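Step one of this worksheet: look at the structure below.
Values in this document were obtained by computation on a predicted structure and should not be read as measured data.
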Amino acid sequence: GAGVSQSPSNKVTEKGKDVELRCDPISGHTALYWYRQSLGQGLEFLIYFQGNSAPDKSGLPSDRFSAERTGGSVSTLTIQRTQQEDSAVYLCASSLADSFMNTEAFFGQGTRLTVV
Amino acid sequence: DAKTTQPPSMDCAEGRAANLPCNHSTISGNEYVYWYRQIHSQGPQYIIHGLKNNETNEMASLIITEDRKSSTLILPHATLRDTAVYYCIVRVAPYNNAGNMLTFGGGTRLMVKP
């Protein structure tokens, strides 16, 4: 596709259930980022992938959050035992591998997660 | 990472130039200044970036001071569709395993008024 694709676009889940969010980056982009944005708040960094490895997981808010990326392409963000405070828009972005050239990141439209 | 400071909000009249300031006084020599914006209910959108020299593209101009401690994003003829939150970001050095992620601060909420 032409841009970063995220699915589902909206997800309503019951507290305590697990959810899986998917991100399809732009083809050829080796760097992939997950952020979340709570209502009226700024973007909070969660995790960054370079290829299939995640050198920086420092932003994951708890051990209920995990992410993986396979084949250097699709990434899934999993939230186990969801809590109401997990409600937010989860944004994915991708960019070309960064050498000494700086490249822009392209964001998807996000998945709006509502935990009830 | 260098931190950035931006005013929380600004107003601009439609058709006039919008000048959005950003302070990044602790920026290091190999860090770039990036600008993104986020229109309501959309993902962030890249605008422009620069290192030392002023930059211009079809969306905006970026003016970086000689000491690189501050910069200004200029939208030359603001339209109502430019109403958004504008983020000034200093990006960590390349090949830094701590991450090449973009760290977003609070941004400036620009309101373009008719």
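Both Phe65(A) and Leu32(A) belong to a common hydrophobic cluster when Ile, Leu, Val, Met, Phe, Trp and Tyr are linked at side-chain heavy-atom distances under 4.5 angstrom. Using a 4.5 Å cut-off between side-chain heavy atoms of Ile, Leu, Val, Met, Phe, Trp and Tyr, with links allowed through other members, Ile64(B) and Trp35(B) fall into the same hydrophobic cluster. Taken together through direct or relayed side-chain contacts under 4.5 Å among Ile, Leu, Val, Met, Phe, Trp and Tyr, Ile89(B) and Ile47(A) form parts of separate hydrophobic clusters. A continuous path of hydrophobic side-chain contacts links Met59(B) to Tyr86(B) [ILVMFWY only; heavy atoms under 4.5 Å]. Hydrophobic clustering (ILVMFWY, side-chain heavy atoms < 4.5 Å, transitive): Ile79(A) and Trp34(A) are in one cluster.
With a 4.5 Å cut-off on side-chain heavy atoms, Phe104(B) and Tyr35(A) count as touching. The side-chain heavy atoms of Gln38(B) and Leu91(A), taken from C-beta on, include a pair separated by under 4.5 Å.
Interface with chain B: from residues 106-116 of chain A, residues Phe107(A), Gly108(A), Gln109(A) qualify, criterion being any non-hydrogen pair under 4.5 Å.
The local environment of CG in Leu80(B) is crowded, with over 12 non-hydrogen atoms from other residues, nucleotides or ligands closer than 6.0 Å. The 12-atom threshold is not exceeded at CZ of Arg16(B), counting heavy atoms of other residues, nucleotides or ligands nearer than 6.0 Å. Heavy-atom contacts from other residues, nucleotides or ligands closer than 6.0 Å to CD of Glu14(A) number 12 or fewer.
Using a 4.5 Å cut-off between heavy atoms, Gln6(A) does not touch chain B at all.
In this structure, Tyr87(B) contributes its side chain and Leu43(A) its backbone to no donor-acceptor pair below 3.5 Å.
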